[in-house]
Number of protein chains: 2
Amino acid sequence: MEIPQKDDILKKFPQFEQTLLDEILANSTIKLVEEGDEVMRTGQYIRSSVLLLNGLLKVYREDEEGNEFLMYYLEPGHACALSMMCTARDEQSQIMAKAVVPSEVILIPSHLSEQWLAKYKSWHNFVIASYRQRFEELLQTLDSVAFKGLDDRLLFYLKRHVQVSGKEVRLSHQHIADELNSSREVISRLLKKLEQTGAITLHRNYIEVHDLDLV
Amino acid sequence: MEIPQKDDILKKFPQFEQTLLDEILANSTIKLVEEGDEVMRTGQYIRSSVLLLNGLLKVYREDEEGNEFLMYYLEPGHACALSMMCTARDEQSQIMAKAVVPSEVILIPSHLSEQWLAKYKSWHNFVIASYRQRFEELLQTLDSVAFKGLDDRLLFYLKRHVQVSGKEVRLSHQHIADELNSSREVISRLLKKLEQTGAITLHRNYIEVHDLDLV
DNA sequence: TAACTTCTGTGATAATTGTCACTGTAGCAC
DNA sequence: GTGCTACAGTGACAATTATCACAGAAGTTA
């Protein structure tokens, strides 16, 4: 079981040095999470950096009333930037990560990930790159909320979803509404409009995406 | 002129090691910027890390049509996290920083700030802390847009403004509307409502804040 | 097949926000 | 003072989004 994992990590994180890979194998745990499982939640103590080996995570925000709001998806080979900002967090703002499909995550104890920053150039670069990338994605999300109407945000959402999991978007209208912090009826209507333009075809429980750039 | 600057930097950035301070003094330029001056704009090449020595910067987002949207304020002793993510940026998303009052910024060439990450622990910590903090603030901003109505966002905006520059908010309604990406009339009406609760008093060109937590 | 649940479609209506048009007022230049 | 400009207040109306109510279709279980 060990060799396949090493190969897998190597494939997903080709930028890591050999010695770093060995340390990861020796010191981290690999956890299998089921679809829908919560992988992390800020406010709780984070004692590990979270890297994604296989599967797909969604990272989202939740306010006091339980409204959620999708920030971005995390794909294999990437890390949750927040889990690496390993000092104490302020409690009020909750970030959650949940598995969209069955996934494998690598958990690296915080003190090691901290040490490695100085020890391994490739780790250091990886961490910095993660920060940068998440920051960018967050900004894009912010843009779409700040400047765009719900119709454009829905488009943005669908595009992102197609990118990570293909042209068969297997989501209910309710689910989409939740992630955009809107309501089902509104999403239904907007999707209908999209269907009329020919960009998508609606089915029960999934949406067939043809071409979102036509719109 | 050199000694006062060193003292000043030392006071604003007490966490830096002595040798790092010397390097900063030797290699960075200090720039005076007038009120309203643009300090940075992404998309253009960023060749320096930007630290704020004195004054106040606002960091905001601008879309293609010129709509702006306030992200956060930057106070002395802090740095623009984005200016330290020194690799090439993607062009479309624009982040701007503008001086709110006459300010002094320290410009550190990117290649040095890169080197220092490995060389000085205190610099490394500073950069990581900056990322973290900006990330948090960005999340707060995102929350307010995603989950709150304009009335709450206005409150949030006023509070933040009071924090950085006191209870006399010297801004026109139009200015506030721009930073919240709304329109003057709407802001005027909401402010009137706030005045009726006794939280603020309106004047020409400034708002007197009494207590925003009453609302 | 019947009973039940989940998902989707749709009309009516309300609330929020944006836009337009117009007024008044304070300050400044001349 | 007269004019000019920037700022603020307000009513009317439009657009977007949310909410409520209900109906029907698809899938599941018994």
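Chain letters run A, B, ... following the sequence lines, proteins first and then strands; every chain starts at 1.
Picking from dA8(D), dA21(D), dC7(C) the nucleotide with the shortest atom distance to the side chain of Ser172(A) gives dC7(C). Closest contact between the side chain of Val186(A) and the listed nucleotides dA18(D), dC20(D), dG18(C) involves dA18(D). Among the nucleotides dT10(D), dT19(D), dG9(C), the one closest to any side-chain atom of Leu202(A) is dG9(C). Here the side chain of Ser183(A) is nearest to one of dG18(C), dA18(D), dT8(C), namely dA18(D).
Using the six-membered ring where Trp is involved, His161(A) and Tyr73(A) have ring planes that are perpendicular, over 60° apart on the 30 and 60° scheme. The aromatic rings of Phe147(B) and Phe69(A) lie perpendicular to each other, with more than 60° between the two planes, well past the 30° mark. In this structure, His124(B) and His124(A) have tilted ring planes: the angle between them lies in the 30° to 60° band.
Regarding contacts with the backbone of dT8(C), every side-chain N or O of His203(A) stays at 4.0 angstrom or more from both OP1 and OP2. Between His173(B) and dC7(D) there is no side-chain polar atom (N or O) within less than 4.0 angstrom of OP1 or OP2. Contact check, Ser188(B) against dT10(D): no side-chain N or O comes under 4.0 Å of OP1 or OP2. Proximity of Lys192(A) to the phosphate of dG9(C): a side-chain N or O atom is located under 4.0 Å from OP1 or OP2.
When each of Val50(A), Leu107(A), Leu51(A), Ile108(A) is paired with Ser83(A), the side-chain contact (heavy atoms from CB on, under 4.5 Å) condition holds for Val50(A) and for no other.
Overall, the helix from dT1(C)-dA30(D) to dC30(C)-dG1(D) carries an axis bend of 30° between its ends, with five pairs at each end and the value rounded to 10°.
The interatomic distance linking Leu190(B) (CG) with dA15(C) (C1') rounds to 13 Å, in whole Å. Rounded to whole Å, atom P of dA15(C) lies 21 Å from atom NZ of Lys148(B). The CG-C1' distance, from Asn205(A) to dA25(D), rounds to 13 Å in whole Å. Here dG11(C) presents its C1' atom at 11 Å from CD of Glu185(A), a figure rounded to the nearest Å. Distance Ile200(A) CD1 to dT8(C) C1': 13 Å, rounded to the nearest Å. Gln174(A) places its CD atom 14 Å from the C1' atom of dT5(C), with the value rounded to the nearest Å. Rounded to whole Å, atom C1' of dC7(C) lies 13 Å from atom CG of Leu191(A). In this structure, the CD atom of Glu195(A) is 12 Å from the P atom of dT8(C), given to the nearest Å.
Take the nearest nucleotide of DNA chain D for Tyr206(B) and for Arg184(A): the residue whose nucleotide is more 5' is Tyr206(B).
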Inset, instruction - Would you please test Glu68(B) and Glu179(B) for side-chain contact (heavy atoms from CB on, under 4.5 Å) and show each step? - result: CA-CA 6 Å; Glu68(B) 61 175 86; Glu179(B) 294 201 314; 3.8 Å; yes
Legend entry - Full working for side-chain hydrogen bond (donor to acceptor under 3.5 Å, both in side chains) between His78(A) and Ser130(A): CA-CA 7 Å; His78(A) 295 267; Ser130(A) 295; over 6 Å; no
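No hydrogens or angles were tested; on distance alone, a donor-acceptor pair under 3.5 Å links the side chain of Arg189(B) to the base of dT19(C). For dT6(C), its base sits under 3.5 Å from the side chain of Arg204(A) at one donor and acceptor pair at least.
Residues Thr201(A) and His203(A) meet the side-chain proximity criterion, which asks for heavy atoms closer than 4.5 Å.
For the pair Glu195(A) (side chain) and Leu202(A) (backbone), a donor-acceptor distance under 3.5 Å is present.
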